[in-house]
Amino acid sequence: MLSAGRRALTGLARPRLCEAATPFAARSPAAIRRLLSALAILEQRDGKLNTGSLSAVTAAEKLGGSIHGFVAGSSIKGVAEEAAKVDRLEKVIAVENGAYDKGLPENYAPLLVENIKKGGYTHVIAGHTAFGKNLMPRVAALLDSQQISDITSIEDEKTFVRSIYAGNAVATVESSDDIKIITIRGTAFPAAEVAGGSAAIEDGVDPKADCPTEWISEDLAKSDRPDLATATKVVSGGRGLKSKEEFDKIMLPLADSLGAAVGASRAAVDSGYADNSLQVGQTGKVVAPQLYMAVGISGAIQHLAGMKDSKVIAAINKDADAPIFQVADVGLVGDLFEKVPELTEKLNKA
């Protein structure tokens with residue numbers, strides 16, 4: 001249920017906005033845009049800009065007002081300089097402090113709130129990534145605003161579209177909050193290009209808030225293959241592969257022959273065939289590559305929610321009635337242990 005700060009719009013009719021309740025009501029769209037200002041939260045790791053987070057800049061462009069970027073961490077100058085090259089960014093707010101390197105929300109949220117208040121921003125936008133999902137709810141709470149999560153479209157400065165019920169329904173929501181806290185689905189907004197811009201770089205406010213959480217360590221799965229979240233080609237394996245050994249034997253050569261990233265269904269991850277960082281679906285990564293190949297995946301609704309926006313979907317499954325074939329553009333009914341090695345061999349010879 002949506003609270004007073006946000007209400008669902010159904011059908012084609014919208015409630016009439018009274019001038020007293022909405023100061024913007026009597027102003028022209030151009031005048032409203034001049035009053036809007038968006039802060040795009042950019043991610044960095046080890047002093048390198050995460051270009052995928054530049055989707056926030058693309059989303060901010062839809063609002064039409066001024067756009068600033070925000071980065072924080074140690075050795076942040078190089079990250080800020082790279083971000084400053086992004087077209088449409090007018091300014092990059094940078095905070096140099098190693099305490100923000102890992103993006104711990106306990107101290108990053110107060111940092112962001114201080115800079116939001118200083119800049120007077122009407123919209124704060126971040127990717128719906130692990131970083132964004134960890135950080136933005138705290139920011140929203142500190143600002144007494146309601147977060148609008150995982151949006152796929154922006155209709156105007158207060159109206160946004162997001163998927164619900166694993167993508168089976170679409171909700172249009174309207175926010176009356178003064179500061180709108182938003183996370184975006186990266187596949188819905190292409191990353192802005194790092195070219196053509198010359199934004200000013202400005203030091204941000206650093207409240208140096210205490211952090212009760214200590215970063216101990218992290219264990220990241222490393223691969224020379226493309227990143228799953230941003231790859232243009234993805235091959236995913238499911239429970240039909242029967243074991244981790246078969247998953248690696250069948251899927252990895254196929255991925256290499258296509259230059260694709262490797263993904264997996266939740267069933268395959270739960271069975272130990274693949275690392276959970278490879279999971280595609282409602283509770284994993286949401287991808288929208290040019291080519292998505294599903295091997296031994298039945299097509300459960302939770303999996304479809306993470307890949308149904310792919311441009312071309314190809315499926316290989318021995319069950320002709322598998323739900324995956326209902327969304328596939330190309331389907332092959334057959335034994336994956338025969339068909340996939342045959343396909344891999346032909347791709348390597350091509």
Side-chain angles (χ1 to χ4, degrees), residues 52 127-134 149-150 152 162-170 183 185-188 218-223 225-252 254-255 258 260-289 291-329 331-333 335-337 339-340:
H128 196 68
T129 59
F131 172 78
K133 289 185 284 186
N134 206 19
S149 302
D150 198 23
T152 56
R162 62 187 299 270
S163 297
I164 56 176
Y165 301 120
N168 284 304
V170 174
T183 62
R185 182 172 296 188
T187 57
E218 62 183 349
D219 185 13
L220 299 176
K222 296 183 179 180
S223 173
R225 297 184 181 88
D227 177 62
L228 176 59
T230 58
T232 57
K233 300 174 186 175
V234 174
V235 295
S236 285
R239 185 159 39 194
L241 285 150
K242 298 183 179 179
S243 70
K244 176 173 173 51
E245 291 71 23
E246 292 294 343
F247 187 100
D248 292 344
K249 179 181 176 181
I250 298 291
M251 298 304 299
L252 301 189
L254 175 62
L258 286 168
V262 176
S265 68
R266 176 170 180 172
V269 170
D270 288 347
S271 299
Y273 303 173
D275 187 81
N276 73 313
S277 64
L278 302 182
Q279 183 177 325
V280 174
Q282 184 180 9
T283 54
K285 289 185 171 66
V286 176
V287 299
L291 170 66
Y292 186 88
M293 184 173 291
V295 178
I297 294 176
S298 63
I301 189 171
Q302 293 86 353
H303 185 76
L304 299 183
M307 45 67 72
K308 63 184 178 61
D309 292 330
S310 303
K311 304 303 181 289
V312 176
I313 300 172
I316 301 176
N317 201 298
K318 66 179 181 181
D319 181 5
D321 296 323
I324 191 68
F325 288 122
Q326 296 177 15
V327 299
D329 300 289
L332 175 60
V333 178
D335 185 346
L336 68 88
F337 296 103
K339 301 301 182 182
V340 177

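Everything numeric in this text was worked out from a predicted model, so none of it was measured.
- Considering OG1 of Thr187 and NZ of Lys285, their distance stands at 13.5 Å, rounded to 0.5 Å.
- The side-chain heavy atoms of Val235 and Val295, taken from C-beta on, include no pair separated by under 4.5 Å.
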One pair to check against salt bridge (charged side-chain N to carboxylate O under 4.0 Å, His left out): Asp248 and Lys244. What are the steps and the verdict? CA-CA 6 Å; Asp248 292 344; Lys244 176 173 173 51; 3.4 Å; yes

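- Between Ser236 and Ala264, the shortest heavy-atom distance links the atoms OG-N, 3.6 Å.
- Lys311 NZ: more than 12 foreign heavy atoms inside a 6.0 Å radius.
- The two residues Ile313 and Val327 have their closest heavy-atom pair at CD1-O, 3.8 Å.
- The distance from the NZ atom of Lys133 to the OG atom of Ser149 is 9.5 Å, given to the nearest 0.5 Å.
- The distance from atom CD1 of Ile324 to atom OG of Ser265, rounded to the nearest 0.5 Å, is 10.0 Å.
- Of the inter-residue distances, the one linking Thr183 atom OG1 with Arg162 atom CZ reads 8.0 Å to the nearest 0.5 angstrom.
- With Asn317 contributing its side chain and Ile297 its backbone, the two residues share a donor-acceptor pair below 3.5 Å.
- For the atom pair CZ (Arg239) and OH (Tyr273), the distance works out to 7.5 Å, reported to the nearest 0.5 Å.
- Looking at Lys318 and Asp335, their side chains never come closer than 4.5 Å, going by heavy atoms from C-beta outward.
- The environment of Lys242 atom NZ is sparse: at most 12 non-hydrogen atoms of other residues, nucleotides or ligands sit within 6.0 angstrom.
- The two atoms that bring Phe325 and Ala320 nearest to each other are CD1-O, 3.6 Å, heavy atoms only.
- Nearest heavy-atom pair across Glu246 and Leu241 is CB-O, 3.1 Å.
- Atom CG in Leu304 sits 8.5 Å away from atom OG in Ser298 (nearest 0.5 Å).
- The two atoms that bring Ala260 and Pro226 nearest to each other are O-CD, 3.6 Å, heavy atoms only.
- When the shell of 6.0 Å around CZ of Arg185 is examined, it contains more than 12 heavy atoms from other residues, nucleotides or ligands.
- Of all heavy-atom pairs between Gly296 and Leu336, the closest is CA-CD2, 3.7 Å.
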